[in-house]
Participant: 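The structure's right below; bear with me while I get my questions together.
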Amino acid sequence: MATQRDFEKGIEVVASGKTTKIADPGALGLFSFASTTFILSCYNIGARGITHPNVVLGMAVACGGLAQLLAGMWEFPKGNTFGATAFTSYGAFWISYALILLPGTGVIAAYGDNAAELESALGIYLMAWFIITTLFFVGALRKSVAFIALFFCLLTTFFLLGLAPLTGVKALGTAGGGVGILTAFIAFYIGLSVILSNEEDPIFKLPVGAFPKRY
């Protein structure tokens with residue numbers, strides 16, 4: 001007959017990870033980020049004549065936001081500080097971006113007819129994420145060529161998108177959308193490489209240019 005101590009030992013074993021395995025949440029986070037970024041970037045370049053980005057709100061909340069946030073939480077027990085911080089941060093970014101655009105929050109309406117003030121506020125908001133992404137870029141320098149390319153393109157995207165409202169040069173926003181599409185496809189590529197690398201018998205594998213550990 002099982003005793004209370006046996007039950008406690010069972011919990012300790014599970015908690016230690018000896019009888020359970022957390023699947024790699026990286027692909028979920030990367031695909032969620034990539035798909036939402038791709039959609040918004042298409043809007044930013046004016047694809048199909050689209051000028052209102054509001055359709056991306058559902059993706060920003062559920063996919064880029066919630067799914068990526070969950071991926072970040074699952075990276076914590078795996079001991080991946082970089083992945084946990086990045087996925088959680090960008091999940092929060094997408095949720096915050098959606099809250100800005102949602103009419104019910106009143107964020108946009110609060111500026112009334114003062115379009116210049118709104119543009120400045122959005123510019124500063126995007127530049128803050130440019131700074132954050134630059135820090136992630138530094139952290140990615142010893143990970144792989146693919147991650148370096150991803151964060152370099154992403155910081156360039158934020159820089160161009162932030163500069164556009166601050167300078168009033170709309171072409172910068174269009175350029176940011178173009179770089180954003182490239183960023184999305186790099187994230188798709190890395191996400192697929194994660195899935196394939198975790199398969200027991202993959203058809204093929206995608207190289208990401210990982211760097212060997214120095215110690």
Side-chain angles (χ1 to χ4, degrees), residues 29-69 86-87 89-138 140 146-191:
L30 286 161
F31 283 166
S32 299
F33 168 80
S35 55
T36 314
T37 300
F38 174 76
I39 293 172
L40 182 60
S41 295
C42 285
Y43 296 166
N44 285 334
I45 66 172
R48 306 284 300 178
I50 298 171
T51 58
H52 297 84
N54 296 65
V55 172
V56 81
L57 292 180
M59 286 289 291
V61 172
C63 195
L66 180 59
Q68 199 172 179
L69 193 69
F87 286 142
S89 296
Y90 291 111
F93 161 75
W94 282 115
I95 294 172
S96 70
Y97 182 76
L99 289 174
I100 291 172
L101 292 184
L102 280 171
T105 63
V107 174
I108 300 294
Y111 291 89
D113 296 329
N114 197 338
E117 183 182 4
L118 174 60
E119 292 292 289
S120 295
L122 289 173
I124 292 173
Y125 168 80
L126 292 168
M127 281 300 182
W129 282 99
F130 160 70
I131 295 172
I132 292 171
T133 305
T134 300
L135 299 178
F136 279 123
F137 172 73
V138 174
F147 270 106
I148 291 173
L150 174 66
F151 282 98
F152 177 76
C153 289
L154 184 57
L155 70 86
T156 303
T157 299
F158 275 121
F159 181 72
L160 292 172
L161 293 178
L163 208 58
L166 291 175
T167 62
V169 180
K170 292 184 178 181
L172 291 172
T174 304
V179 180
I181 291 175
L182 176 60
T183 303
F185 277 105
I186 294 174
F188 278 131
Y189 178 90
I190 301 174

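Note that these values count all heavy atoms, side chains included, but never hydrogens, waters or copies made by symmetry.
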Participant: In chain order, what residues pass the ring-ring contact (aromatic ring centres under 6.0 Å, His included) check against Tyr189, with sequence neighbours excluded?
Facilitator: none
Participant: Would you say that Leu30 contacts Leu150 through its side chain, given a criterion of any heavy-atom pair below 4.5 Å between the two side chains?
Facilitator: yes
Participant: For residues Tyr111 and Ala121, report the shortest heavy-atom separation together with the two atoms involved.
Facilitator: OH-CB, 3.4 Å
Participant: Identify, with sequence neighbours excluded, every residue that meets side-chain hydrogen bond (donor to acceptor under 3.5 Å, both in side chains) alongside Asn54.
Facilitator: none
Participant: Do Met127 and Leu163 come within less than 4.5 Å of each other through their side chains, counting heavy atoms only?
Facilitator: yes
Participant: So which heavy atom on Ile45 is nearest to which on Gly177, and how close?
Facilitator: CG2-C, 3.5 Å
Participant: Pro53 versus Tyr97: any side-chain heavy-atom pair under 4.5 Å?
Facilitator: yes
Participant: Specify whether Phe151 and Phe147 have parallel, tilted or perpendicular ring planes, treating 30° as the upper limit for parallel and 60° as the lower limit for perpendicular.
Facilitator: parallel
Participant: Can you name the ring-ring contact (aromatic ring centres under 6.0 Å, His included) partners of Phe159, sequence neighbours left out?
Facilitator: Phe130
Participant: Among Thr105, Leu57, Ile108, whose side-chain contact (heavy atoms from CB on, under 4.5 Å) with Ile100 holds?
Facilitator: Ile108
Participant: Where is the tightest heavy-atom contact between Trp129 and Ser89, given as atom of each residue plus distance?
Facilitator: CH2-O, 3.1 Å
Participant: If you round to the nearest 0.5 Å, how far is CD1 of Ile181 from CG of Asn44?
Facilitator: 8.5 Å
Participant: Please report the shortest heavy-atom distance between Leu122 and Pro165, naming the atom on each side.
Facilitator: C-CG, 4.4 Å
Participant: Holding to side-chain hydrogen bond (donor to acceptor under 3.5 Å, both in side chains), I want the full list of residues that pass it with Thr167, two or more places apart in sequence or in another chain.
Facilitator: none
Participant: Return the orientation label for the Phe158 and Tyr90 ring planes: parallel under 30°, perpendicular over 60°, tilted otherwise.
Facilitator: parallel
Participant: Applying ring-ring contact (aromatic ring centres under 6.0 Å, His included), name anything that partners Phe152, two or more places apart in sequence or on another chain.
Facilitator: none
Participant: Any chance the rings of Phe33 and Phe87 have centres within less than 6.0 Å?
Facilitator: no
Participant: So which pairs with a foot in residues 29-43 pass side chain to side chain donor-acceptor pair (under 3.5 Å), sequence neighbours left out?
Facilitator: none
Participant: Donor-acceptor pair, distance only, cut-off 3.5 Å: does the side chain of Glu119 make one with the backbone of Ala115?
Facilitator: no
Participant: Would you check if Phe31 and Cys63 make a side-chain contact, meaning some heavy-atom pair closer than 4.5 Å?
Facilitator: no
